Amino acid sequence: MDGRTHTVDVNPGETVTVAGWVHEVRDLGGIAFLILRDTTGKIQIVFKEDEMDADLVGTGLGVARESVITVTGDAEEHSNAPGGVEVTPESVEVLAESDTELPLDPSGKVDADLSTRLDNRTLDLRKEEVKAIFEIRAEVLRSVREAFYDLGSTEINTPKIVATGTEGGTELFPITYFGEEAFMNQSPQLFKQLMVGSGLERVFEIGPIFRAEEHNTPRHLNEATMIDFESAFFDHTEAMDACEHVVRNAYDGVAANCQRELELLGLEDAFEVPDEAFPRLTYQEAIERINATGELDEQLVWGDDLPTEGERALGDDVGSHYFITDWPSEIKPFYIKDHDGDADLSTGFDMMHPVMELVSGGQREHRYDHLVTGFEQQGLDPDQFDYYTKMFKYGMPPHAGWGLGVERLVMTMLGLENIREAVLFPRDRQRLSP
RNA sequence: GCCCGGGUGGUGUAGUGGCCCAUCAUACGACCCUGUCACGGUCGUGACGCGGGUUCAAAUCCCGCCUCGGGCGCCA
C-alpha cells in the first residue's frame, strides 16, 4: 500500500495514512476515539462531532470492532492521547467489515479457552501477547540457524514421505503413495546419518516430524518441528557441546532481540539465559538422585526408563538444563553406539529442561556388522532398510548427533502451559483442522 | 493404549433436585455523555452439547453418544 505509515512510525506534524484493525471505539458524546491497531502497535484517531463532516464521523464511529480500515489525517501531539500522539482524520475508508459478534475477543477483556483460540487462530494472533510467542519462535529458529552456521554445518531437507519408519513399530501415520504403502516420517534420523557419510559431513535440518501416538498431554504433538543435527567425526561429548551451543544461542538471540515480546509475556525479569555449562549426569547418577529425593513410591533400578514424576523430581533437584548420559543400551535405539568395551552401556544422551526432555542424541553405530545385528535384535528386517545400511559399507565415518523439539524449546523457554500454544495450527489426537 | 474430569447466551463464568421462564462480566442493540485510554451511565436481546431414562419436579441424578481438557505409559 503506497504511503502507508505503521502506527509506530507516526510522528506529530505529519500527514499520515494508517491502516489496520479497529481495536476499540470509545464514544464520549461530542468527542469519540477510535483505536486503530496494526502489527506494530496502536494509534488513536479522534472524532469531533461539531467540527467534522457528519459522514466522516458516521463512518468512523459506525464501523464494527476488528474491521479493517485506512485513515488519512494529520498526526498531532496531545497530552491526553495514549502514546501522546493522535490522528485527526480527513478521510476514513472501510476496507473489510467485521461481523459484530466475534468468536473471541482480541482486545483480551474476556479470556477464551485454548480450543476456542485454536479454532480462531487468526483472531487469537491479533492479541499482542500471543503474537509475541511466534515472534520469539521465529527468533529462536533464526538464532539456531546462526549457531549451526558457527559450527560449520549445512542445512538440509530430507523426505517426509518414506517407505519405512526410523525404528519400525506402530507409531507411524500410514499413507498411500501411488498405490503403495508409505508413511509420514517420524524423524530425519536415518537420512541425516546418510549425509554425514556424504561430502557434507556436518548437517542440520529444521523440519516437521509425524508421530501417530494417541497420547493426550500438554507436551505432545502429532506433528512437531524438529531441529536435527548430525556430524561426522564427532563423538557423543562433542555432540553435547554442539547442543549446548545451539540452545544457549537460542536464549541469547531472544534476550538480545525480543525484549519487547518478553515484556508482553511478563517475562522480562524471569527470562534467563543459561550461563553455566549444562551439568552432565550419568544415568546411574540420575536414578540415584531421583531415588534420593524420595518423590517416587518405588525405587528406580538399572534398566528402568525414567518416569515423568522422576524426571520432574530430578529437574527440581538440578534446577537448570542438564544432560543424562550413559544410558543402558537396552532402552536406547539400535542406531546408538555402545561404549567401547561395554555392550550394556550406550553413548546415548538426553538433554533435559527441569520440566521435560528436550533433546535425544548420541554417538551412532557406524560399523556395518554391528548395525545390521542391531536391526535384528530390535526385531526389524535389515533388508527393508537396505537403502540405509548399505551406505555403511562404503566408508561411513564415526559420527554423532541429536534432535531437539522446537515447540518444547519454546514452551520451556517461555513457561507455556501447553505445547499447542507454541504452534500456529497444532495437530493433536483430536485436532486436524484448522 | 489405560485412567480421570469437564461441556450453561458470541466469549468467559455462577448455579449439586423445587429458591432458575438460570448469575455475573464482556460482547451485541438502543439512548445519554466533549479528552477517553478495559471510558462511564440507563434500558434491552441472547444459553443449560445430543438422545434416552429416574422423579410430582432435572442445568443439577442415571445410561449411551458426541466433544473438550488432563494424568500415566511413551516420547521431542
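Below, chain A is the first sequence line, B the second, and so on; all start at residue 1. Just so we're clear, the structure is a prediction, and the values are computed from it rather than from any experiment.
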Practice task
Using the closest heavy atom to pick a nucleotide of RNA chain B for each, name whichever of A:Asp350 or A:Asn80 lands nearer the 5' end.
Solution key: A:Asn80
Handout entry: Pair A:Asp338, A:Ser329: side-chain N/O donor-acceptor within cut-off below 3.5 Å
Key = yes
Handout entry: Donor-acceptor pair (no angle test) under 3.5 Å: A:His220 side chain, B:rC74 base
Key = yes
Problem - Any A:Arg420 side-chain N or O less than 4.0 Å from OP1/OP2 of B:rG70 - result: yes
Practice task
Give a yes or no on whether a donor-acceptor pair under 3.5 Å exists between the nucleobase atoms of B:rG1, that is its base, and the side chain of A:His215.
Solution key: no
Problem - A:Arg431 CZ - B:rG70 P separation (whole Å) - result: 11 Å
Handout entry: Residue-phosphate contact under 4.0 Å: A:Asn418 side-chain N/O, B:rG70 OP1/OP2
Key = yes
Fill in the blank from the handout: If pairing means Watson-Crick or G-U wobble with both distances under 3.5 Å, then the partner of B:rG1 is B:rC72
Practice task
Could you give the distance separating B:rA25 and B:rC61 at their P atoms, to the nearest angstrom?
Solution key: 27 Å
Problem - Salt bridge flag under 4.0 Å for residues A:Arg37 and A:Glu66 - result: yes
Exercise for the section: Starting from C1' on B:rC28, measure out to NZ on A:Lys109 and report it in whole angstrom. Expected result: 12 Å
Problem - Base-pairing assignment for B:rG51 (Watson-Crick or G-U wobble, both under 3.5 Å) - result: B:rC63
Exercise for the section: Kindly point out which of B:rA27, B:rU34, B:rC74 is positioned nearest to the side chain of A:Glu101? Expected result: B:rA27
Handout entry: Distance, P atom - from B:rG12 to B:rG7, rounded to whole angstrom
Key = 13 Å
Completion exercise
Atom NZ of A:Lys127 and atom C1' of B:rU26 are separated, to the nearest Å, by 13 Å
Problem - Closest listed nucleotide, where the reference is the side chain of A:Val110 and the choices are B:rU11, B:rC74, B:rU36 - result: B:rU11
Exercise for the section: Quick one: label A:Leu221 by what it contacts on the DNA or RNA (base, sugar-phosphate, nothing), any heavy atom closer than 4.0 Å. Expected result: base
Problem - Identified pairing partner of B:rU26, criterion: Watson-Crick or G-U wobble below 3.5 Å - result: B:rG10
Exercise for the section: May I ask you to verify if any side-chain N or O of A:Arg26 is less than 4.0 angstrom from the OP1 or OP2 atom of B:rG41? Expected result: no
Practice task
Between B:rC75, B:rG35, B:rG71, spot the one nearest the side chain of A:Pro218, thanks.
Solution key: B:rG71
Problem - P atoms of B:rU45 and B:rG35, separation to the nearest Å - result: 32 Å
Practice task
Give the nucleotide from the list B:rG73, B:rG35, B:rG12 with an atom nearest to the side chain of A:Asp113.
Solution key: B:rG12
Exercise for the section: Please state the C1' separation for the pair B:rG17 and B:rG53 - nearest whole angstrom. Expected result: 16 Å
Handout entry: B:rG70 phosphate, OP1 or OP2, under 4.0 Å from A:Thr217 side-chain N/O
Key = no
Practice task
Check every strand shown and say whether A:Val359 touches a base, only sugar-phosphate, or nothing at a heavy-atom separation below 4.0 Å.
Solution key: sugar-phosphate
Exercise for the section: Look at the side chain of A:Gln44 against the base of B:rU36 and say whether a donor-acceptor pair falls under 3.5 Å; ignore hydrogens and angles. Expected result: yes
Practice task
Examine B:rG12: is either OP1 or OP2 under 4.0 Å from a nitrogen or oxygen in the side chain of A:Thr116? Give yes or no.
Solution key: yes
Problem - Length of the line joining A:Leu300:CG and B:rG73:P, which is rounded to integer Å - result: 11 Å
Exercise for the section: With RNA chain B as reference, determine whether A:Ala112 or A:Ala64 sits nearer its 5' end, using the nearest nucleotide of each. Expected result: A:Ala112
Exercise for the section: May I ask you to evaluate whether A:Thr100 reaches the phosphate of B:rG10, defined as a side-chain N or O under 4.0 Å from OP1 or OP2? Expected result: no
Handout entry: Short N-O contact, A:Glu171 and A:Arg211, less than 4.0 angstrom
Key = no
Handout entry: Value in whole Å for how far the C1' atom of B:rC33 lies from CG of A:Leu28
Key = 7 Å
Practice task
Send over the distance from A:Asn222 CG to B:rC74 P, rounded to a whole Å.
Solution key: 18 Å
Practice task
Would you kindly check whether a donor in the side chain of A:Gln430 faces an acceptor in the base of B:rG69, or vice versa, at under 3.5 angstrom?
Solution key: no
Exercise for the section: Using the P atom as the reference point in each nucleotide, state the distance between B:rG15 and B:rC24 in Å, no decimals. Expected result: 14 Å
Practice task
Give the C-alpha distance, both sets of side-chain angles, the deciding distance and a yes or no for side chain to side chain contact (heavy atoms under 4.5 Å, CB included) between A:His353 and A:Met411.
Solution key: CA-CA 10 Å; A:His353 179 275; A:Met411 178 187 183; over 6 Å; no
Exercise for the section: Return the nearest nucleotide to the side chain of A:Asp305; candidates are B:rC75, B:rG35, B:rA27. Expected result: B:rC75
Practice task
For the residue pair A:Phe349 and A:Phe323, categorise the inter-ring angle as parallel (less than 30°), tilted (30 to 60°) or perpendicular (more than 60°).
Solution key: perpendicular
Completion exercise
Sequence neighbours excluded, the answer for side chain to side chain donor-acceptor pair (under 3.5 Å) partners of A:Lys337 is A:Asp340
Exercise for the section: Between B:rA59 and B:rG18, how far apart are the C1' atoms? Round to whole Å, please. Expected result: 13 Å
Exercise for the section: In plain terms, say whether A:Arg280 and A:Asp241 are close enough for a salt bridge, that is, a side-chain N and a carboxylate O under 4.0 Å apart. Expected result: yes
Exercise for the section: Rounded off to whole Å, could you give me the CZ-to-C1' distance for the A:Arg312 and B:rC72 pair? Expected result: 10 Å
Exercise for the section: Using the C1' atom on both, measure B:rG40 against B:rU26 and round to a whole Å. Expected result: 15 Å
Exercise for the section: Kindly point out which of B:rG1, B:rA27, B:rA76 is positioned nearest to the side chain of A:Arg65? Expected result: B:rA27
Handout entry: A:Glu285/A:Arg289 ion pair, N-O < 4.0 Å
Key = no
Handout entry: Integer-rounded Å distance: B:rA76 C1' and A:Glu213 CD
Key = 12 Å
